[in-house]
Undergrad: 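Sharing a structure with you now.
The figures that follow rest on heavy atoms only: side chains count, while hydrogens, waters and symmetry mates do not. Values in this document were obtained by computation on a predicted structure and should not be read as measured data.
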Amino acid sequence: PADEFKAFLKRLPTDRFLNVSTIAKFWTSDLSLQKRYAQLESSTAMVLAKAQKIVRKLFTLSKRCPKQPRISLPRERPVGFWLNRAQSLLYCNEHGVLGSFSEEVRSCSCPSDQPTCQGVIPCVVGTVSTSCSLCATDNATRCGACHHGNLLHLGSCRPSIAASLDHYLNFDLDMPDAEVKYLLQRLDSRIEVHAIYISNDVRLGSWFNPAWRKRMLLTLKSNKNKSNLIHMLMGISFQICSTKNSTLEPVPAIYVNPFGGSHSESWFMPVTQPEFPDWERTRLDASATAQCYNWTLSLGSKWKSFFETVHIYLRSRIVTDDPTVNETLFYEPLDLDDQTSNLGYMKINTLKVFGYSMHFDPEGIKDLILQLDYPYTQGTQDAAFLMLLEMRDRINRLSPPAPQPLDLFSCLLRHRLKLSAGEVARIKDSLQIFNSKLPNASPEPELAQLCS
């Protein structure tokens, strides 16, 4: 290499790992190297022009060349080649043998007869919280210091256990209950959680025959789109219309999936049970052909719970004022030959869920779980157990009304942290054993398993 390139290599820092973009910044700021590189580009262009001129002159003097000559010079090497060459000289030049460095795997490919070209590859220093702030002076491959809020453990930086559960999972809504109730009554967009509508049975805004059960769902796809959020359900609303003088009325059934997974991992919303909220129906101005209603179910702060997907099953029943008829009469399919009933059609214009989204740190929680078996420092294991116990209890406290509370915490581990069923069972057992050893430990409630 030219003297300028050698001098450039000597000026590169060796106390931390340099990726290609970092080396490129040093490259562009090195004025002597840039001047030399520009000279090489200029001289190469001059050599090419001169060669072309000489060849053309020889061709015109010759009477035996059957075709025009093609001038071929060594292909110019792009800047990227020199940046990678600089990396290779820094990290793959041990014992005077030059290899090729791969940034993707942070290792060297050495000549087959010389497998020992890889030298010391320093640690990564960066602004990300879990990256090193300095490499160790005695071993540059390991962290020597960490950013604030992290612990140095076995040469790498790990998040220290936060003082508050809010660092991992935030449950609170910064809004008084009275204001939430007011916004729910108004179906205010400020507390609407925008979800993806999916249905093979019903297209919003289109009339459909209500003779069969219709299935719809609203889902958030959080693991794909909102991995740092979990969501709280506080209300559901849909606007449904029936053709004029129809003798049918809708009967919705709601299933809520708290953190993802299959439909079988959803709980049924008991709107017909005492104390639980019921649907509120608001009649809208009728048109010449249809009558529409807003159906709203307000859970409020008392009955709110986690949700990832809301499944809506819509059936129909014959409207009756007969007080002796206690059972809901479903017809699937409805009797289309019954001339006394105007079965009609239905249409759903809007379908919305209301609530709010909360901060969620899946990697931080995984790090807490890791410390149950591999604590970073003395005392962090107990702190991790206590933090996970508080998290478990607060999540399960929001279990929906049922004869037996649901184990929502296991659903969170299974579907939002993507842990295996065996890992979830091991964590549950570890927390129960730790909790049983605490002073004044109260017996834990028996929870029903929702997620497999």
Undergrad: Nearest 0.5 Å, what's the CZ-CG distance between Arg85 and Leu98?
TA: 5.5 Å

Undergrad: Is a salt bridge present between Arg281 and Glu249, judged by a nitrogen-to-oxygen distance below 4.0 Å?
TA: yes

Undergrad: Is there a donor-acceptor pair closer than 3.5 Å between any side-chain N or O of Ser399 and the backbone N or O of Pro405?
TA: no

Undergrad: So, do Phe354 and Val193 sit near enough that their side-chain heavy atoms are less than 4.5 Å apart?
TA: no

Undergrad: Looking only at heavy atoms, what is the nearest atom pair of Gly261 and Asn257, with distance?
TA: O-ND2, 3.6 Å

Undergrad: Within this structure, what is the OG1-CZ distance for the pair Thr350 and Phe238, rounded to the nearest 0.5 Å?
TA: 9.5 Å

Undergrad: Going through the distances and angles, do Cys123 and Cys132 end up as a disulfide (SG to SG under 2.5 Å)?
TA: CA-CA 7 Å; Cys123 74; Cys132 311; 3.8 Å; no

Undergrad: Which ring-ring contact (aromatic ring centres under 6.0 Å, His included) pairs, counting each pair once, include a residue from residues 383-442, with sequence neighbours left out?
TA: Phe385-Phe434

Undergrad: Regarding Asp407 and Arg414, does a basic nitrogen lie under 4.0 Å from an acidic carboxylate oxygen?
TA: no

Undergrad: Compare all side-chain heavy atoms of Ser452 with those of Glu265 and state whether any distance is below 4.5 angstrom.
TA: yes

Undergrad: Has Ser246 got a side-chain atom pairing as donor or acceptor with Ser242's backbone, closer than 3.5 angstrom?
TA: no

Undergrad: Any donor and acceptor pair, going by atom type alone, linking the side chain of Lys347 with main-chain N or O of Thr243 inside 3.5 Å?
TA: no

Undergrad: Check step by step if side chain to side chain contact (heavy atoms under 4.5 Å, CB included) holds for Leu169 and Asp361.
TA: CA-CA 7 Å; Leu169 186 62; Asp361 181 8; over 6 Å; no

Undergrad: Can you confirm whether the thiol sulfurs of Cys241 and Cys292 sit closer than 2.5 Å?
TA: yes

Undergrad: I would like to know whether Leu408 and Ser305 meet side chain to side chain contact (heavy atoms under 4.5 Å, CB included); could you show each step before the answer?
TA: CA-CA 10 Å; Leu408 298 183; Ser305 191; 4.1 Å; yes

Undergrad: Heavy atoms only: give me the nearest Lys428-Ser410 pair and the separation to one decimal.
TA: CD-OG, 3.0 Å

Undergrad: Under a 3.5 Å distance rule, please check whether His231 uses its side chain to pair with a backbone N or O of Leu220 as donor and acceptor.
TA: no

Undergrad: Within a strict 4.5 Å, meaning less than it, do heavy atoms of the Thr272 and Asp278 side chains meet?
TA: no

Undergrad: Any chance you could measure Glu423, atom CD, to Leu417, atom CG, to the nearest 0.5 Å?
TA: 10.0 Å

Undergrad: With no hydrogens and no angle check, is any side-chain donor or acceptor of Glu308 less than 3.5 Å from a backbone partner on Ser222?
TA: yes

Undergrad: Within the distance-only criterion (no hydrogens, no angle test), does the side chain of Arg416 pair as donor or acceptor with the backbone N or O of Gly260 below 3.5 angstrom?
TA: no

Undergrad: On a heavy-atom basis, which atom in Trp207 and which in Tyr345 lie closest, and how many Å separate them?
TA: CZ3-O, 3.6 Å

Undergrad: How long is the span from the CD1 atom in Ile23 to the CG atom in Asp30, to the nearest 0.5 Å?
TA: 13.0 Å

Undergrad: Side chains of Gln404 and Glu446: donor-acceptor distance under 3.5 Å anywhere?
TA: no

Undergrad: Donor-acceptor pair, distance only, cut-off 3.5 Å: does the side chain of Ser199 make one with the backbone of Arg215?
TA: yes

Undergrad: Between Gln432 and Asp429 (side chain of the first, backbone of the second, donor and acceptor by atom type, cut-off under 3.5 Å), is there such a pair?
TA: no

Undergrad: Can you find a pair of side-chain heavy atoms, one from Leu284 and one from Gln239, that are under 4.5 Å apart?
TA: yes

Undergrad: In a check of side-chain contact (heavy atoms from CB on, under 4.5 Å) between Leu413 and each of Val424, Ile395, Leu388, which one passes?
TA: Val424

Undergrad: Compare all side-chain heavy atoms of Leu12 with those of Leu18 and state whether any distance is below 4.5 angstrom.
TA: yes

Undergrad: Measure the shortest side-chain to side-chain distance between Asn228 and Phe360 over non-hydrogen atoms and say whether it is less than 4.5 angstrom.
TA: no

Undergrad: Determine if the SG-SG distance between Cys108 and Cys92 falls under 2.5 Å.
TA: yes

Undergrad: Between atom OG1 of Thr219 and atom CD1 of Ile196, what is the distance when rounded to the nearest 0.5 Å?
TA: 6.5 Å

Undergrad: Output, in order, the C-alpha distance, side-chain angles, deciding distance and verdict of side-chain hydrogen bond (donor to acceptor under 3.5 Å, both in side chains) for Thr296 and Asn294.
TA: CA-CA 6 Å; Thr296 305; Asn294 274 339; 5.9 Å; no

Undergrad: Does Arg106 count as lying over the ring of Phe17, i.e. NZ or CZ under 6.0 Å from the six-ring centre, within 45 degrees of the axis?
TA: yes

Undergrad: Relative to the ring of Phe268, is the ring of Tyr255 parallel (under 30°), tilted (30 to 60°) or perpendicular (over 60°)?
TA: tilted

Undergrad: Are the sulfur (SG) atoms of Cys135 and Cys143 separated by under 2.5 Å?
TA: no

Undergrad: At their closest point, which heavy atom of Ile121 faces which heavy atom of Phe101, and how far apart are they?
TA: CD1-CE1, 3.8 Å

Undergrad: What's the verdict on side chain to side chain contact (heavy atoms under 4.5 Å, CB included) for Leu406 and Cys411, showing C-alpha distance, side-chain angles and the deciding distance?
TA: CA-CA 10 Å; Leu406 298 177; Cys411 295; over 6 Å; no

Undergrad: Check whether Lys221 reaches the backbone of Ala195 with its side chain - one donor and one acceptor, N or O, closer than 3.5 Å.
TA: no

Undergrad: Ring centroids only, cut at 6.0 angstrom: are Phe259 and Phe306 within range, meaning strictly under it?
TA: yes

Undergrad: Might you point out which heavy atoms bring Lys304 and Ser301 nearest each other, and give the distance in Å?
TA: CG-O, 3.5 Å

Undergrad: So, Ser227 side chain and Asn223 main chain: donor-acceptor pair closer than 3.5 Å or not?
TA: no

Undergrad: With heavy-atom distances below 4.5 Å as the criterion, would you say the side chains of Val120 and Glu94 are in contact?
TA: no

Undergrad: The test is side chain to side chain contact (heavy atoms under 4.5 Å, CB included); show your working for Leu248 and Met346 and say whether it passes.
TA: CA-CA 9 Å; Leu248 292 181; Met346 290 185 183; 4.0 Å; yes

Undergrad: Quick one: CD on Glu192 to CG on Leu184, what's the gap to the nearest 0.5 Å?
TA: 11.5 Å

Undergrad: Which pair of non-hydrogen atoms, one from Gly205 and one from Asn349, has the smallest distance, and what is that distance?
TA: CA-OD1, 4.0 Å

Undergrad: Does the side chain of Met232 come within less than 4.5 Å of Leu398's, by heavy atoms?
TA: yes

Undergrad: May I ask you to decide whether Arg392 forms a salt bridge with Glu444, counting only side-chain N to carboxylate O separations under 4.0 Å?
TA: yes

